[in-house]
Amino acid sequence: MRFRPVRGMRDLLPDEARGLIRLFDLSRRLASLYGYEEVILPTIESYELFAAKSGGEIKERMYTFTDLGGRKVVLRPEATASVARIVASKMLGYPKPLRLFYIVNLFRYDEPQKGRYREFWQAGYELIGSGRALADAELIEMLSRFMEMAGLRDHRFKVGHVGVHRALMGIFKVPEHEQDDVLGFIDRDQWDEAMKILSSYPAELRDVLTGLASVKGGMDKVFEEAWEQLSRYEPALRELERLREILRYAVMLGVPRERLFIDMGFARGLAYYTGVIFECYSHLRVALAGGGRYDKLISLFGGPDMPATGFAIGLDRVHLAQVEAGVSYEDRTFKALVVLAGEDERVVRLAGEALRALRGKMGARAVLDVSARSIKRAFSYASAQGYDYVVVVGRREAEKGVVSVKNMKTGVQVEVPVEELPERLPD
Ligand code: AMP
């Protein structure tokens, strides 16, 4: 019998996995630079965790099943809900604000296509316990920094603020679950459906929402225009002012203002957003990352009123964008194959020392050749596999406490005392 991965699932062989793993490393480095602590989250969560606030589209595409204990569970389609659950139930005593970070695989039954998979990877950052504009600005700057570090210098942000829409609908007494549905349809660009929900409310609400949707552009132009449209709606104006404050802080923290594109008709699929929302793009037409403020999720999960904001980076898509943009990392470590000539105790011990020296000081990739092949075959294997060095350990060498090291690019071969590895590698 022959097996293939299930539709939408991927086997990532070393070359494909490497790109993603580098991004795991990069996102961890970012977390540590900004003081975010990593948490490890369960892959399976209860269905109810996502039923209330994940938004129609995501909810419909969850991998839902009943486990052997009869519980209705899902393979997580996103991770913010898990973080909010943990904060609400287990981290109330921690000093605020909390900065949490995670790397997760997620599952959504989307139609597979370029940059869209049924299992994919995200790195997420959540800043919990601060309702200030400065907190949202930190996240936007941080995401921008990530993209810089990933070599995607052409990235830009699409920014909106569902607090404005919610405030408008609030004025007209639209209940929260209907607000969620309206925003869900706006996210999918199904304005007809959104307007259908609002058909029992005054036409004025529909007019101001559709008018607002055409307001987009750079920071200066947009605020003037939006201000004019919202001038009669004080609560919405306060939210708009908040958006302006967030973006001003983001620029102060170092985000070039030309990277910020505001779209007042922008909504996101997840229903828990209450304030600023943003997505990051590069030359790829699909979003590389997205996030926003979700001030009510923690209280919904039984915690106190606790403001929170965060974002997640779609690592598979960032990798795709890097490949297409030809981004290459400078790889400062090298790869060495350690080959045994003879296997008596002294040889194996010396090879162990050589491997430890190579791996230890410089974190080089040092691989022990465990196959019983001739030295000549080992050299041709090393050359085909792109090894930088071959280190030969034999009886003759073991007697002298040296190893023979050959630089595979230059062909230069020298004998080096094992304790001088890796400093004395031949050029
Ligand atoms: P979301 O959790 O929907 O806010 O998405 C955040 C990011 O995850 C997006 O900007 C994408 O980069 C990535 N993403 C979402 N869905 C998929 C998918 N089906 N396949 C690959 N990446 C995805």
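Order of appearance sets the numbers: ligands from 1, and atoms from 1 within every ligand. Both backbone and side-chain heavy atoms feed into the values below; hydrogens, waters and symmetry mates do not.
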Please report which non-hydrogen protein atom sits nearest to atom 20 (N) of ligand 1, along with the residue it belongs to and the distance in Å to one decimal place.
Tyr117 N, 3.0 Å
Cationic N near anionic O, under 4.0 Å, Arg153 to Glu148:
yes
With ring centroids as reference points, do Phe101 and Tyr36 lie under 6.0 angstrom apart?
no
Output the list of atoms in ligand 1 that are nearer than 4.0 Å to some heavy atom of Arg268, sorted by atom number.
1 (P), 3 (O), 4 (O), 5 (O)
Spacing of His155 atom NE2 and Arg259 atom CZ [to the nearest 0.5 Å]:
4.0 Å
When you measure from the side chain of Glu78 to the backbone of Thr80, do you find a donor-acceptor pair of N or O atoms at a distance under 3.5 Å?
yes
Check Val318 against ligand 1 and report side chain, backbone, both or neither, counting heavy atoms closer than 4.0 Å.
neither
Would you mind checking if Arg118 and Asp110 are paired as a salt bridge, meaning a charged N to carboxylate O distance below 4.0 Å?
no
Considering Gly8, Ala289, Gly291, Gly314 one by one, which has a heavy atom nearer to atom 10 (O) of ligand 1 than any of the others?
Ala289
Hey, does Leu288 come in under 3.5 Å of ligand 1, counting only N/O atoms on both sides?
yes
Please report whether the ring centroid of Tyr125 lies less than 6.0 Å from that of Phe311.
yes
Which is it for Thr309 and Asp136 under the side chain to side chain donor-acceptor pair (under 3.5 Å) test, yes or no, and what are the steps along the way?
CA-CA 6 Å; Thr309 179; Asp136 301 292; 2.7 Å; yes
Could you find the nearest protein heavy atom to atom 9 (C) of ligand 1 and give me its residue, atom name and distance?
Ala287 O, 3.9 Å
What's the shortest heavy-atom distance between Arg242 and Gly131, and which atoms?
NH1-O, 2.7 Å
Closest to atom 3 (O) of ligand 1 among protein heavy atoms sits Arg108 NH1, 3.1 Å
Closest protein heavy atom to atom 21 (C) of ligand 1, given as residue, atom name and distance to 0.1 Å
Gly115 O, 3.3 Å
Give the contacting part of Asp110 toward ligand 1: side chain, backbone, both or neither, where contact means a heavy-atom distance below 4.0 Å.
side chain
Specify the protein heavy atom at minimum distance from atom 7 (C) of ligand 1: its residue, its atom name, and the distance to 0.1 Å.
Gln122 NE2, 3.6 Å
Is a side-chain donor or acceptor of Lys406 paired with a backbone partner of Val392 at a separation under 3.5 angstrom?
no
What about Glu78: any of its N or O atoms under 3.5 Å from an N or O on ligand 1?
no
Identity of the nearest option to atom 22 (N) of ligand 1, non-hydrogen atoms only, from Tyr281, Phe120, Trp121, Phe311
Phe120
Any heavy atom of Arg118 under 4.0 Å from ligand 1? The part involved is neither
